[in-house]
Amino acid sequence: MAKRTEIVDVLKASKVGDTITVKGWVRAFRSNRFVALNDGSSFKTLQVVIDEEKIEEAIVKRIGFHACIAATGVLVESQGAGQKVELVADSVEILGDNDLSAYPLQPKKQTMEFLREKAHFRMRTNTFSAVFRIRHGVAFAINKYFNDNGYYYMHTPIITGSDAEGAGEMFHITTFEPNKAPTTEDGSIDYSKDFFGKATNMTVSGQLQAEIGALAMGKVYTFGPTFRAENSNTSRHLAEFWMIEPEVAFADIYEDMDLAEDFSKYIIKYILENYPDDLAFLDKRIQDMEKNMKKELRRPMSLTDTLKFVIENDFARITYTEAIDILKRSKPYKKGKFEFPVDWGIDLQAEHERWLVEKHFKKPVIVRDYPKDIKAFYMRMNDDDKTVAAMDVLFPGIGEVIGGSQREERLDKLRKRMQEMNVHEDELQWYLDLRKFGGAPHAGFGLGFERIILFITGMANIRDVIPFPRTPGNAEF
RNA sequence: GCUUCUUUAGCUCAGUUGGUUAGAGCGCCGGACUGUUAAUCCGUAGGUCCUAGGUUCGAGCCCUAGAAGAAGCGCCA
């Protein structure tokens, strides 16, 4: 087999006159002569010119939409307008025929809902290949940012014996056959006979274990899959999603916010610099889609301009109490336009967060110092004894992207909070040990990987930024 | 889990007040085409009108139940 040159390298490094072999999938075949070939190495396609005299008709007939071919020939300057160079094929080999009479995809716009059902084919489209190249880029940028800043990548468990992580319903893990599980005398399932000798679940967060790392190695982060068995039916929730959770010893809530802002901006900047073709395509896609929409429903800025705006401006920072005051003075509140009440002590609703971010501040907003009753047991109590050192980073269009806090490092206060919130000490003895034996102030946050990708790609549904989405009622592939 | 909307050809959709044989564009299939850029042009085929039951002389259209999908809300990341 001839050694292939990847199309990204052909367009970057190959010279006119070079003889090369390329391999990829046919995006379009026009005039029985022009193949737009894509091999995934970049957004761009290479035009392969089929010469009637050199390629036999039987082969030409098999060059169809999304068929896989190899082409060998000489790179020349293109006579056409759409590209600088093109490959004049001396030989073409069909690597994989495509039976178009049964193939569901078409060389035209298809709905996201339809493509979602064909998840094994959707990565072949411009939109999804762009999204998944960017998904890779974001994952890489995350690891690079933390590595370059002295953090250690820590792998927290996916199967956990703790059910007190406090972040939602869990999927249970067992090797028992349904209806054949051994029971104890009182009729409940006897997990002491199960694989791990106790009840186990899929993790909902690696934070508590990451705190173990931070209190030994200083700065750590987790980046892995997370599972929530919540019956959430929205375009922003998945049952299986990836989460990034840095945890930093000696940091307070303010350093935590600085990290969240710097980190978000770094990732966005990295994608702007390294994936301009993919971003430009996604940007144009949104603009085409919004052409037929009312002006007030369109994005206020293009995708690229939104991303640039975010990295060039400081995030707004307010306390929860200030947020309530601003909301109470707002026009929609005075006109009774909010569906939910605005009162100190209640959680901010999506409509309130959206108004703050999209109408009032018009940029990302960090809200901090929430009432203790609406936040988790491990968040550090403020001096007012009413609020905790928690913060949420809210992004336009998606709402909460990051949720974090300074953790309660004072043993007595942590115990009191656990009692108040009915968290059993015996299950989290190790967590209390971290305070008892050489504890330290520390802080961290959780970032929803798919949510930041939603923001960067401008996609509308979280199911379209993960290759195989798991949602209530759906675990295909 | 709640509210609303949707379901007609492979895809995206139209289908009037309940009335004969169910419509379009794209795709597919066949043909033409050596400078195309979602190529273009000509022609053919293609239907469990989501499912089950009901009303009616007659149902794609009305009623009941169910299924699937979407948007919004709640929970959160």
Side-chain angles (χ1 to χ4, degrees), chain A residues 27-36 44-55 60-61 64-66 76-83 86 88 98-118 125-126 165-169 204-207 225-245 260 285 288 297 338-340 347-354 374-376 392-395 398-404 445-455 460-464 466 471-474:
Chain A
R27 283 287 173 82
F29 187 35
R30 293 180 280 263
S31 293
N32 241 3
R33 187 165 165 79
F34 302 102
V35 178
K44 291 187 173 121
T45 56
L46 177 69
Q47 175 151 291
V48 176
V49 184
I50 305 297
D51 194 325
E52 251 184 354
E53 289 165 14
K54 289 177 184 163
I55 314 297
V60 175
K61 281 210 178 270
F65 180 62
H66 282 185
V76 301
E77 276 180 41
S78 179
Q79 299 169 36
Q83 56 283 317
E86 62 194 17
V88 179
N98 192 10
D99 177 8
L100 290 172
S101 62
Y103 190 56
L105 268 51
Q106 295 175 37
K108 67 162 192 177
K109 278 213 168 68
Q110 306 212 237
T111 61
M112 292 295 113
E113 291 79 20
F114 174 71
L115 291 170
R116 214 171 283 153
E117 290 170 7
K118 313 286 176 200
T125 65
N126 279 332
E165 285 164 359
E169 286 295 310
V204 293
S205 161
Q207 180 207 309
T226 314
F227 309 87
R228 307 244 171 118
E230 302 282 354
N231 190 10
S232 296
N233 295 290
T234 82
S235 53
R236 301 182 311 281
H237 290 86
L238 291 163
E240 176 181 300
F241 65 100
W242 287 62
M243 190 152 63
I244 300 100
E245 294 173 290
R285 179 181 166 274
D288 289 346
L297 291 175
F338 286 135
E339 191 189 337
F340 291 91
D347 212 350
L348 296 177
Q349 300 295 315
E351 59 175 354
H352 305 143
E353 295 181 347
R354 291 194 69 143
I374 57 171
K375 289 289 177 184
D392 284 353
V393 182
L394 312 175
F395 267 48
I398 348 173
E400 187 180 344
V401 168
I402 291 176
F445 62 77
L447 169 89
F449 184 51
E450 283 78 14
R451 288 206 179 158
I452 196 81
I453 299 171
L454 265 186
F455 181 74
N461 193 312
I462 202 162
R463 293 164 196 143
D464 299 327
I466 187 167
T471 51
N474 196 330

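Lettering of chains follows the sequences in order, A, B, ..., and the numbering in each one begins at 1.
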Go nucleotide by nucleotide along RNA chain B from the 5' end; which of A:V88 and A:N231 gets its closest nucleotide reached first? A:N231
All N/O pairs under 3.5 Å across the protein-nucleotides 30-33 of chain B interface:
residue, atom, partner, partner atom, Å
B:C33, N4, A:N32, ND2, 3.3

Flag as yes if A:F34 stacks onto the base of B:G35 (centroids under 5.5 Å, planes under 30°), otherwise no. no
Indicate whether OP1 or OP2 belonging to B:C76 is found under 4.0 Å from a side-chain N or O atom of A:R451. no
Go through B:G27, B:G74, B:C76 for me and flag the one nearest to the A:A350 side chain. B:G74
Spacing between A:L348 atom CG and B:C76 atom C1', to the nearest angstrom: 14 Å
Atom pair distance, as rounded to whole Å: NZ in A:K44 and C1' in B:U37: 15 Å
Report yes if some heavy atom in the side chain of A:E351 is under 4.5 Å from a heavy atom in the side chain of A:E339; otherwise report no. yes
B:U37 phosphate, OP1 or OP2: any side-chain N/O from A:Q83 under 4.0 angstrom? no
Write out a two-atom table: protein N or O, nucleotide N or O from nucleotides 8-11 of chain B, distance below 3.5 Å.
residue, atom, partner, partner atom, Å
B:G10, N2, A:Q106, OE1, 3.3
B:G10, N2, A:Q106, NE2, 2.4
B:G10, N3, A:Q106, NE2, 3.4
B:C11, O4', A:Q106, NE2, 3.4
B:C11, O2, A:K108, NZ, 3.0

Please confirm whether the shortest side-chain N or O distance from A:R30 to OP1 or OP2 of B:A39 is below 4.0 Å. yes
Sorted by chain and residue number, the salt bridge (charged side-chain N to carboxylate O under 4.0 Å, His left out) partners of A:R116 (sequence neighbours excluded) come out as A:D464
To the side chain of A:S232, which of B:A39, B:G74, B:A77 is closest? B:G74
Can you sort out the partners of A:A28 under side-chain contact (heavy atoms from CB on, under 4.5 Å), two or more places apart, ordered by chain and number? A:R30, A:A36
Can a donor-acceptor pair be found between the side chains of A:E240 and A:T226 at a distance below 3.5 Å? no
Any N or O donor-acceptor pair under 3.5 Å from the base of B:A77 to the side chain of A:R228? yes
Residue met sooner reading RNA chain B from 5', once A:G82 and A:F340 are mapped to nucleotides: A:G82
d(CZ, A:F338; C1', B:C73) in whole Å: 15 Å
Under-3.5 Å donor-acceptor pair between A:E339 side chain and B:G74 base: no
Salt bridge present between A:K375 and A:D347 (N-O < 4.0 angstrom): no
Counterpart residues, side-chain contact (heavy atoms from CB on, under 4.5 Å), relative to A:T471 (two or more places apart): A:L238, A:R463, A:N474
How would you list, by chain and number, every residue that makes a salt bridge (charged side-chain N to carboxylate O under 4.0 Å, His left out) with A:K44, sequence neighbours excluded? A:D277
Counting only side-chain heavy atoms from C-beta out, which of B:C29, B:G1, B:U37 sits nearest to A:Q47? B:U37
Whole angstrom value for the distance that separates P of B:C75 from CG of A:D392: 12 Å
Does the A:T234 side chain pair with the main chain of A:R236, one donor and one acceptor, at a distance under 3.5 Å? yes
Distances under 3.5 Å between protein N/O atoms and the N/O atoms of nucleotides 66-71 of chain B, please, pair by pair.
residue, atom, partner, partner atom, Å
B:A70, OP1, A:R116, NH1, 2.6
B:A70, OP1, A:R463, NH1, 3.1
B:A71, OP1, A:N461, ND2, 3.0
B:A71, OP2, A:N461, ND2, 3.3

Residues forming a side-chain contact (heavy atoms from CB on, under 4.5 Å) with A:Q83, sequence neighbours excluded: A:Q47, A:S78, A:E86
Are the side chains of A:I462 and A:S235 in contact, using a 4.5 Å heavy-atom criterion? no
Who passes salt bridge (charged side-chain N to carboxylate O under 4.0 Å, His left out) against A:D288, sequence neighbours left out? A:K284, A:K291
By salt bridge (charged side-chain N to carboxylate O under 4.0 Å, His left out), A:R354 pairs with (sequence neighbours left out) A:E358
Output field: ring centroids A:H66/A:Y103 closer than 6.0 Å: yes
Interatomic distance where CZ belongs to A:F65 and P belongs to B:U37 [whole Å]: 17 Å
Test of understanding: with ring-ring contact (aromatic ring centres under 6.0 Å, His included), list the residues that count as partners of A:F449, not counting sequence neighbours. A:F223
If you measure only the distance, is there a donor-acceptor pair under 3.5 Å linking the side chains of A:N126 and A:R285? no
Defining pairs by Watson-Crick or G-U wobble geometry with both distances under 3.5 Å, how would you list the stems of RNA chain B with at least three pairs each? B:1-7 with B:67-73, B:10-13 with B:23-26, B:29-32 with B:40-43, B:50-54 with B:62-66
